Amino acid sequence: MTLRLLFAEIRSNVKKICDNLGYQQAEFDVSEASRPEFGDVSCNVGFLLAKSLKKRPFEIAKSIANEYNKDKGKFVTEVSAHSSGYLNFVANYPLLTQSVIQSSIQENYGQIDIGKNSKIVVEHTSVNPNKALHVGHVRNIIIGDTISRILQKACYDVRVLNYVDDSGLQVADIIVGFRYGGFSREPPKGQKFDHYCGDVVYVNTTERYENDPTLATKRSLILKELEEGKSETAKFGDEITRHVLEEQLKTCWRLGVTYDCLNFESQIVRSNLWKNVFDKMKSMGIIELEKEGKNVGCWVIKAESDDKVLVRSDGTATYIAKDIPYAAWKLGILDDPFYYKQYSTQRDGRVLWETTLENTETKLNFTGDAVITVIDSRQSRLQNIITKIISDFKAKEGSYFHLGYESVTLSAETAKTLNLDTGGKSVQMSGRKGIYVNADYVLDILGVKTYEEAKKRNPDLNEVKLVQISEQVAIGALRYSMIKQDLDKIITFDMTESLSLEGDTGPYIQYSYARAMRILEKGGKTPSFGVSFSDLNTSYETILAKMIGKFDIQVEDAAKNLSPKIIARYCYDLAVAFNTFYEHVKVLTAESEALVNARLCLVYSFKETLDKALSLLGIDAPERM
RNA sequence: GGGCCUGUAGCUCAGCAUGGACAGAGUGCUGGACUUCUAAUCCAGUGGUCAAGGGAUCGAAGCCCUUCGGGCCCGCCA
């Protein structure tokens, strides 16, 4: 049993009692008590019925408590009416602890069937393949990855896509750099190719446009050649973007993120997808050819505020126009023009596919009944237009969902390290201007720090182990910091602050896991679960057990609200409950052998649950640290 | 001008969807706890007109309206 069942029992009994007393139906709430002195569970039914019964909430609660006390059911030992009007319940701890521990050692603990195995597509990452990933991209990647993991736990059949925008202006920019900027094709020794392209070639090239107007002309010629797809330039662009992509993916994999399929924008452009959608929109009258005004000669979509150009007067498609067939494709509205080939096998064993227009004779299906596109909320306007068009295509209501989030900015102090004086204000990142902090760099710096810390604490561990731990902790720290706050809060990234490993951080949570592992290791033998847990009666133990018992409730909440933060908070709360327990309750030196065993079971139950919860965040649980 | 987001402790944020019992964490600062299952920890203290004003409600940080800060978006760029 988990807390869910305790709540369900109380809800059903209260409802029954209300019926018997002739009270009218009310949508009352059964939830955890806000403070320990109010017991474990509270119900607000008294407040809701006060008006219709013309009685004080306390009177109503009293009458229900009275009835409830006649038969308290299985999981409740005390029922009381509080003078405030609440109905409060105390749980049957021996039974609760027992059931929670037993449930938590099941392989699929925390799983909850919301998705009913329906197909859902999550698209995230989608970074232009002309630069390395910076901390702003990391937020997108981690949100998308965490959501995918949570949805999977909630029994959705999840497909993860990464859209590679390999035919846009930014790609033309680096080609200009290589062709006319005098940049070597090979990066300096020791520098990753994606860093080289972004930090050196891209930034320097965009700078040169200001002084050399002929470069812009060269760029538009290159852009045209890219779209046509058969030229030497297109081939060269393809090589560059694929090389950058390969390096970007290394960073993603390092973060523990994997995908199912890479979709290349160039292929969408060269396939007939756009033409199909264009015709469809024309025949549906969603778009029109502008006859006059500033957009004369363009195909535009009439939006509520401003019209949006889809096809330029020279006949080429804009960025948003390319996104529409892709969105439709993701929902399976269009015939799939692609074949598929294997890109690689990722480290978790998941095969990564890529689309191709060559006939490989392999047809796969990466579409979904619903699509979640993770893009920062600065693109909400465009995403709204796409959502609107997709709903005009009669996809099921709400099937295309833009999951937006606020951006990551750099703190004034961190900007200063990039030689940027912002006058004490934080600053928006910009790949073009070179204002960003690369993800690999952050992980490397974090890794050095976590390595030193781990070595200090574990002099007996060998080099390989220490490196492994430091990497796990560095990634835990970064991932957690990207997910712990709400999506609509701006994250101000500060390098110094990001090195903090104490308090509400990933490492704090990982540390609690390592502590639990150490107890189990020193305990020596596998604890025996077929015993009574009634001796686990300190508040430290019951609070920990209750926290463990909330896992599936949190998964449900996170999945329904697409809110990764909920799982982050749960992991933190779980770790706090364990650390408090750890400081106050001795396990291995408990009074009796039976008590040692019972506590070992609780510790085991905790570590299993934390491991599962952390895995939803893509954070490894280290055995030592 | 229009749209979206945001304002809670010195700082960073939970809580707001579904109104209810004295508004919670982390961090900072002040003190305390390692011969003990790892102190990346724990304990105590400090710290709040929940931006302001109004409204509906028995009851508002939360709902409605207004105002004021802050951020972002409104291109034949992506």
Side-chain angles (χ1 to χ4, degrees), chain A residues 27 29 31 33-35 37-38 42 44 46-48 50-51 56-57 82-86 88 128 165 167-171 265 290 294-300 303-306 308-320 322-323 376-382 384 404-407 409 425-426 428 450 453-454 456-458 473 477 484-492 494 497 500-512 514-523 560-561 565 569 572-573 575-576 579-580 582-590 599-600 603 624-625:
Chain A
E27 285 295 311
D29 196 35
S31 58
S34 59
R35 306 165 166 272
E37 60 264 37
F38 300 142
S42 296
N44 67 347
F47 296 105
L48 302 181
K51 198 162 208 175
R56 285 175 31 225
H82 188 269
S83 56
S84 62
Y86 272 102
N88 291 330
N128 291 336
D165 184 357
S167 63
L169 208 59
Q170 357 72 33
V171 176
E265 182 181 80
E290 202 68 68
K294 59 173 183 169
N295 295 331
V296 62
C298 300
W299 283 91
V300 302
E304 291 133 36
S305 46
D306 261 331
K308 190 76 207 164
V309 172
L310 294 187
V311 178
R312 304 182 184 104
S313 48
D314 68 359
T316 56
T318 60
Y319 156 77
I320 179 170
K322 296 178 204 168
D323 250 20
D376 83 81
S377 43
R378 284 175 296 193
Q379 298 204 41
S380 294
R381 183 179 289 261
L382 295 178
N384 284 341
Y405 60 92
E406 282 293 335
S407 54
T409 63
K425 296 215 297 199
S426 57
Q428 288 282 331
T450 51
E453 296 285 332
K456 197 164 69 193
R457 294 170 163 81
N458 300 280
V473 177
K484 75 167 177 174
Q485 60 197 126
D486 211 64
L487 300 182
D488 47 24
K489 288 281 197 322
I490 293 171
I491 292 180
T492 305
D494 182 82
E497 200 182 302
S500 159
L501 309 175
E502 290 164 16
D504 184 8
T505 65
Y508 172 93
I509 299 166
Q510 290 172 309
Y511 183 63
S512 71
R515 280 179 141 182
M517 280 308 286
R518 201 64 163 152
I519 294 175
L520 293 168
E521 186 190 317
K522 293 207 168 171
K560 283 186 173 165
N561 293 299
K565 165 194 73 178
R569 292 208 72 79
Y572 177 70
D573 290 341
V576 168
N579 275 330
T580 310
Y582 183 95
E583 295 283 344
H584 296 94
V585 180
K586 291 296 155 215
V587 176
L588 299 178
T589 52
R599 286 183 177 162
L600 279 173
V603 171
R624 295 273 295 268
M625 71 181 268

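Keep in mind that what you see is a predicted model, and the values were worked out from it rather than measured. Below, chain A is the first sequence line, B the second, and so on; all start at residue 1.
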Hey, does the side chain of [X] come within less than 4.0 Å of [N]'s phosphate (OP1/OP2), counting only N and O?
X	N	value
A:Lys308	B:rC74	no
A:Lys51	B:rC58	yes
A:Gln485	B:rC13	yes
A:Tyr572	B:rC13	no

Of the listed nucleotides ([options]), which one gets closest to any side-chain atom of [X]?
X	options	answer
A:Val296	B:rU27, B:rC76, B:rA78	B:rC76
A:Arg381	B:rG2, B:rC77, B:rA14	B:rG2
A:Tyr86	B:rA21, B:rA78, B:rU41	B:rA21
A:Thr580	B:rC5, B:rC43, B:rC76	B:rC43
A:Ala454	B:rC13, B:rA40, B:rA78	B:rA40
A:Glu265	B:rA78, B:rA17, B:rA40	B:rA78

Close side-chain approach of A:Val171 and A:Asn128, heavy atoms under 4.5 Å: no
Residues A:Asn579 and A:Ser512: side-chain donor-acceptor under 3.5 angstrom: no
A:Ser167-A:Glu265 side chain donor-acceptor pair, cut-off 3.5 Å: yes
Looking across every strand, which nucleic acid part, if any, lies under 4.0 Å from [X] by heavy atom: base, sugar-phosphate, or nothing?
X	result
A:Lys489	sugar-phosphate
A:Phe38	base
A:Gln428	sugar-phosphate
A:Val171	nothing
A:Asp323	nothing
A:Glu290	nothing
A:Leu501	base

Nucleic acid footprint by protein, nucleotides 31-39 of chain B - heavy-atom cut-off 4.0 Å, B for base, S for sugar-phosphate alone: -----BBBS
Salt bridge present between A:Arg378 and A:Asp376 (N-O < 4.0 angstrom): yes
What's the gap between [N] and [M] when it is taken at their [atom1] atoms, as a whole Å value?
N	M	atom1	answer
B:rA61	B:rC68	P	24 Å
B:rG26	B:rG47	C1'	14 Å
B:rC16	B:rC29	P	31 Å
B:rG48	B:rA14	C1'	15 Å
B:rU67	B:rG3	P	12 Å
B:rG71	B:rC58	P	41 Å
B:rG10	B:rU30	C1'	15 Å
B:rA52	B:rG69	P	15 Å

Paired and unpaired positions of RNA chain B as dot-bracket, Watson-Crick or G-U wobble under 3.5 Å, | denoting a partner strand: (((((((..((((......[...))))((((((.......))))))....(((((..]....))))))))))))....
Whole-Å distance between [N] [atom2] and [X] [atom1]?
X	N	atom1	atom2	value
A:Ile491	B:rG26	CD1	P	20 Å
A:Arg35	B:rA23	CZ	C1'	9 Å
A:Asn44	B:rA60	CG	P	16 Å
A:Ile490	B:rG70	CD1	P	13 Å
A:Lys565	B:rU12	NZ	P	17 Å
A:Leu382	B:rA78	CG	P	10 Å
A:Arg378	B:rG71	CZ	C1'	11 Å
A:Asp376	B:rC4	CG	C1'	12 Å

A:Ser34 vs A:Lys425, nearer the 5' end of RNA chain B by closest nucleotide: A:Ser34
Residue closer to the 5' end of RNA chain B, A:Thr450 versus A:Asp486 (nearest nucleotide): A:Asp486
Centroid distance under 5.5 Å and plane angle under 30°, A:Tyr508 vs B:rA40: no
Aromatic contact, A:Phe38 with A:Tyr86 (centres under 6.0 Å): no
With distance as the sole criterion, do the side chain of [X] and the base of [N] form a donor-acceptor contact below 3.5 Å?
X	N	value
A:Gln379	B:rC4	no
A:Asn579	B:rA40	no
A:Ser313	B:rC76	yes

Closest heavy-atom contact between [X] and [Y]?
X	Y	answer
A:Ile491	A:Gln485	CG1-OE1, 3.5 Å
A:Asn295	A:Glu290	O-CB, 3.2 Å
A:Asp504	A:Lys484	O-NZ, 3.1 Å
A:Val587	A:Ile519	CG1-CG2, 3.8 Å

B:rC34: syn or anti, per glycosidic angle within 90° of 0: syn
Heavy atoms of other groups near A:Glu37 CD, more than 12 under 6.0 Å: yes
Exceeds 12 heavy-atom contacts within 6.0 angstrom, atom CZ of A:Arg624: yes
Residues that A:Tyr511 engages under ring-ring contact (aromatic ring centres under 6.0 Å, His included), provided they are two or more places apart: none
N/O donor-acceptor pair under 3.5 Å between A:Asn458 side chain and A:Met625 backbone: yes
